[in-house]
Amino acid sequence: MQPFNPNDYRKRVLADVERRGGIEESDPFELYDIPLEEAESLSDAEVAARVEEVWGFWQRQRDHPKYRVLVGLLVDAHPRLSRLLLDSAVRRVQTARVREVRAQRDADRYEILDAAISRLVQRHGGVPAGKIPGLEEIGAMGGLSAAEVATRLRRHRVIEDEPVPVAVLTEQRRQQIRQLLSEWERLIDGEPTPTLFALLRVDPSKAGRSQEIRLRAQALRARSRELPPGRIRVVLDELLIHIHDVLSSGEETLREYLRAVAEDVAEELRPKVRAAVLVEDELVGDDFRYLLDEAMRLGLDRADATRVLTEIATELGARVNNSPSGVPTHQRPESHSGAAPIAPEPPPRLWEAPLRAARAALRGGRPREAARHVEEARRLVGSDGTGRTPIRSVSDEVDRVLTEAQERWRSATTACAGKRYAEALAHLEQLRRTASDLLPPNQVPSIDQLLAEAGQAIAEADRLVAAAQAGPADARMPGLLAAVAVCADHAGAVAALAETPVEAPQRVEATRLANGSVLVAWSPSSTNSVAYRVTRLQPDGSWRVVGRTQATELEDGGAPAGGQPVYAVAAAVAGRYSEITRSDTGPAVKPQGEQEQSPPDDPAPSGIPAVSGLAEQAGLLIFTWPVGVTEVMAVVRPDQPPTTPDDPLARSWKVTNMRYEIDGGVRIPPDIPRPCHIAIASCRREPNGKLTVATGFAATARIRWFG
């Protein structure tokens with residue numbers, strides 16, 4: 001048995017347990033990090049030592065921003081779970097039981113992956129190499145690593161993809177053109193410019209008229225030279241380069257760009273076409289005309305727009321009916337005399353009835369029933385090649401709905417276990433609409449039972465919040481905490497707690513005891529129902545958590561020998577912390593002089609909208625970007641809140657919205673001491689390209705970071 005590693009345990013065990021839905025989906029051997037294959041050979045003393053070590057780790061993690069709910073459940077379940085391991089006879093029985101449970105769980109983890117592999121083998125006679133990254137993503141949804149997916153694929157033949165010719169118009173260039181055209185629309189008031197043809201005011205149907213394109217490009221270039229230096233001119237100059245390279249460099253590149261535009265339009269319209277044909281199994285006149293206008297607005301001429309819509313509808317197994325009367329044009333008789341009679345429609349094929357039933361089941365929110373109808377249609381299609389495309393389209397939609405529903409089940413049950421009933425309610429209502437016949441996992445209540453549980457919890461939290469806000473001031477905090485205990489993500493309770501200040505303890509004293517440990521004691525916070533976090537200053541300037549308690553003293557048995565360590569205590573309520581009070585600085589709740597050094601908060605410093613909703617999530621700083629702001633300046637100072645974005649004692653760096661999206665938030669460098677003060681200053685990019693940083697911070701753009 002390897003030594004216990006807290007960081008590895010957090011990433012390897014806690015993350016997996018939470019993803020699977022909580023401690024009920026785990027076992028004592030995993031929770032206490034005891035290898036199952038070694039369980040019977042370990043002595044009771046070795047097992048007891050590991051149980052005690054993990055139990056202590058849980059205690060220290062009760063305020064962890066991501067796992068505090070799960071750790072709280074583990075702490076509560078410790079007496080029951082530990083009894084199953086501490087006695088060798090009981091442990092032996094549990095080992096056999098857990099082996100069977102894990103084997104079944106592994107089979108369930110591979111269920112979705114095996115189904116996807118089976119479909120690929122049926123369709124292609126093997127697994128195409130280009131599909132392997134997609135299979136790895138499917139496996140990841142079940143908690144499988146890429147190595148585990150590769151092991152599963154060894155059973156099947158991997159088909160090498162045919163060489164793909166090098167594209168004349170690269171995806172990178174396409175993306176650059178889209179971004180520049182989008183920015184041009186924001187900078188210039190006028191007609192939309194979805195394509196380079198729209199920028200030149202050239203009808204796409206006249207794309208082959210190279211002379212007209214050159215003349216219009218020359219006129220636009222002359223206009224660019226008349227513009228003053230600035231962002232508008234920069235964007236226009238770059239677009240003119242693309243016009244020259246793409247529209248004026250040859251017929252092959254021009255046609256490639258036309259295909260790229262059609263692909264982009266098809267990608268944009270495909271969900272809308274799917275929604276339109278899902279009800280009637282055909283694209284009827286009004287919907288067709290609306291989507292035709294949309295396609296032309298996105299940059300296609302009428303002929304290409306009609307072709308794209310027809311191809312999407314055919315791909316989805318639907319007919320196109322663009323006649324005003326609602327009767328398909330191929331069924332309307334000719335009005336003039338002497339015309340040839342209309343040929344009757346071919347008789348219905350056997351596979352069409354179950355395919356219609358599958359679509360109806362999907363519309364009714366019954367994907368499992370739809371899957372059975374699809375399998376029946378696939379059995380009946382035989383060698384009828386015309387039926388394979390619509391059947392595959394409906395089958396893919398069924399797979400998508402089932403995959404999304406299973407993910408929502410996991411999210412809903414995890415949220416219910418953590419009493420995040422507002423989050424669970426959204427998932428459950430969507431499940432009832434789209435997958436009412438999806439069977440829940442073993443020992444999980446039905447959708448209706450979970451909906452009733454969530455509704456009752458939210459209603460009770462509503463009542464507690466209303467009573468707390470209407471009652472006396474000294475009962476406000478206990479009432480709000482009771483509401484959060486019932487529903488952890490109740491919006492009203494969370495917002496009210498955010499407005500309620502948490503006062504710090506007034507005095508912290510550290511006393512060295514005869515046994516070498518240090519007793520840390522403090523005066524209680526004036527805020528009711530708080531817990532306290534005690535930290536010790538390390539030689540490198542960082543703070544290490546000693547423990548958490550609801551009492552007003554704590555003994556630090558791990559204090560270093562020699563000298564008197566410095567401690568800091570902060571009061572906490574529902575994940576919100578007060579300022580720290582240190583044992584070496586007296587009873588100061590906030591650093592002296594902070595109010596004099598910090599300028600008054602302006603809701604929009606320098607007229608630039610400020611960020612809002614600052615919070616910590618999974619070790620990242622997250623916030624809501626204001627409209628029109630694409631860059632911000634993060635400013636950090638360890639001793640007190642930054643005074644201005646150019647505070648000489650602060651550290652600052654720029655963050656773009658693209659980097660924010662890639663990382664999922666703002667990463668705080670690990671070398672910055674914790675705790676620290678962080679403020680976010682919004683930036684504005686001027687027409688001449690200069691970056692202007694706001695002169696101050698809004699109240700919504702400050703946070704105390706404990707890391």
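Just so we're clear, the structure is a prediction, and the values are computed from it rather than from any experiment. Sequential numbering from 1 along the given sequence is applied to the chain's residues. Computation of the quantities below employed the complete heavy-atom set of this structure, encompassing side-chain atoms and omitting hydrogens, waters and symmetry-equivalent molecules.
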How close do Ala412 and Ala424 get, heavy atom to heavy atom, and via which atoms? O-CB, 3.9 Å
Side-chain (Ser118) to main-chain (Asp114) donor-acceptor, under 3.5 angstrom: no
Does a salt bridge link Asp63 with Arg533, judged by any charged N lying under 4.0 Å from a carboxylate O? no
Rounded distance (nearest 0.5 Å) linking atom CG of Leu70 with atom CD1 of Ile23: 7.5 Å
Just by modelled atom types, is the Ala146 backbone N or O under 3.5 Å from a matching donor or acceptor in the Glu136 side chain? no
Can a donor-acceptor pair be found, under 3.5 Å and without considering hydrogens, that links the side chain of Thr403 to the backbone of Arg400? no
Check for a donor-acceptor pair, side chain of Tyr9 on one end and backbone N or O of Leu31 on the other, with a separation under 3.5 Å. yes
Arg270/Glu315 salt bridge by N-O under 4.0 Å criterion: yes
Do the side chain of Thr624 and the main chain of Gly613 share a donor and acceptor less than 3.5 angstrom apart? no
Please find the pair of heavy atoms, one from Ile159 and one from Gly125, that lie closest to each other, and give the distance. CD1-C, 4.1 Å
Leu74 vs Trp55 side-chain heavy atoms within contact, under 4.5 Å: no
Can you tell me if Arg544 has over 12 outside heavy atoms packed within less than 6.0 Å of its CZ? no
So NE2 of His156 and CZ of Arg152: to nearest 0.5 Å the spacing works out to 8.0 Å
Under the salt bridge (Lys or Arg N to Asp or Glu O under 4.0 Å) test, residues paired with Arg379 that sit two or more places apart: Glu376
Quick check: does any side chain N or O of Arg62 sit under 3.5 Å from a backbone N or O of Val71, one acting as donor and the other as acceptor? no
Side chains of Gln430 and Arg433, donor plus acceptor under 3.5 Å: yes
Okay, side chain of Arg60, backbone of Gly547: is any donor-acceptor separation there less than 3.5 Å? no
Can you confirm whether Leu428 sits close enough to Arg432 that some side-chain heavy atom of one is under 4.5 Å from a side-chain heavy atom of the other? no
Give a yes or no on whether Glu37 atom CD has more than 12 heavy-atom contacts from other residues, nucleotides or ligands under 6.0 Å away. yes
Is there a donor-acceptor pair under 3.5 Å between the side chain of Arg674 and the backbone N or O of Ile672? yes
Donor-acceptor pair, distance only, cut-off 3.5 Å: does the side chain of Arg91 make one with the backbone of Val47? no
Any side-chain heavy-atom pair of Phe57 and Leu14 under 4.5 Å: yes
From CA spacing to verdict: ring-ring contact (aromatic ring centres under 6.0 Å, His included), Trp58, Tyr32: CA-CA 10 Å; Trp58 292 348; Tyr32 288 100; 4.9 Å; yes
Any chance the side chains of Asp448 and Ser446 put a donor and an acceptor closer than 3.5 Å? no
To the closest 0.5 Å, what do you measure between CG (Leu153) and CD1 (Ile132)? 5.5 Å
For a side chain to side chain contact (heavy atoms under 4.5 Å, CB included) check, start with the C-alpha distance between Leu120 and Leu135, then their side-chain angles and the critical distance, and finish with the verdict. CA-CA 10 Å; Leu120 289 173; Leu135 292 175; 3.9 Å; yes
Test item: His490 and Asp462 side chains (from C-beta on) under 4.5 Å apart, heavy atoms: yes
Hey, does the side chain of Ser517 reach the backbone of Glu555 with a donor-acceptor pair shorter than 3.5 angstrom? no
Minimal non-hydrogen separation, Glu423 against Ser411, with atom names: OE2-O, 4.3 Å
4.5 Å side-chain heavy-atom contact, Asp44 and Leu86: no
So how far is it from Gln61 CD to Arg10 CZ, rounded to the nearest 0.5 Å? 4.5 Å
Smallest separation among heavy atoms of Ala435 and Ala405, with atom names: CB-CB, 3.6 Å
For a 4.5 angstrom cut-off between non-hydrogen side-chain atoms, does Val90 reach Arg83? no
Under 4.5 Å between any side-chain heavy atoms of Tyr532 and Leu554, yes or no? no
CG of Asn5 to CG of Asp33: how many Å apart, nearest 0.5 Å? 9.0 Å
Side chain to side chain contact (heavy atoms under 4.5 Å, CB included), that's the test. Do Leu362 and Val401 meet it? Break it down for me. CA-CA 9 Å; Leu362 271 179; Val401 172; 4.1 Å; yes
What's the shortest heavy-atom distance between Ser436 and Gly364, and which atoms? OG-O, 4.4 Å
With the threshold set at 4.0 Å, does a side-chain nitrogen-carboxylate oxygen contact exist between Arg99 and Glu40? yes
Those residues that, when tested against Ala454, pass side chain to side chain contact (heavy atoms under 4.5 Å, CB included) (two or more places apart): Tyr421, Leu425
Heavy-atom pair with the smallest gap, counting every atom of Val17 and Ser26: CG2-OG, 3.9 Å
SB check Asp27 Arg97 (cutoff 4.0 Å): no
I want to check something: taking the side chain as every heavy atom from C-beta on, are Leu85 and Gln94 in contact at a cut-off of under 4.5 Å? no
Rounded to the nearest 0.5 Å, what separation is found between the CH2 atom of Trp351 and the CZ atom of Arg356? 9.0 Å
Who are the side chain to side chain contact (heavy atoms under 4.5 Å, CB included) partners of Glu369, not counting sequence neighbours? Ala361, Arg366, Arg372, His373, Asp437
Evaluate the side chain to side chain contact (heavy atoms under 4.5 Å, CB included) criterion for residues Arg420 and Thr414: first the C-alpha distance (whole Å), next the side-chain angles of each, then the deciding distance (0.1 Å), finally the verdict. CA-CA 8 Å; Arg420 302 190 305 275; Thr414 301; 3.9 Å; yes
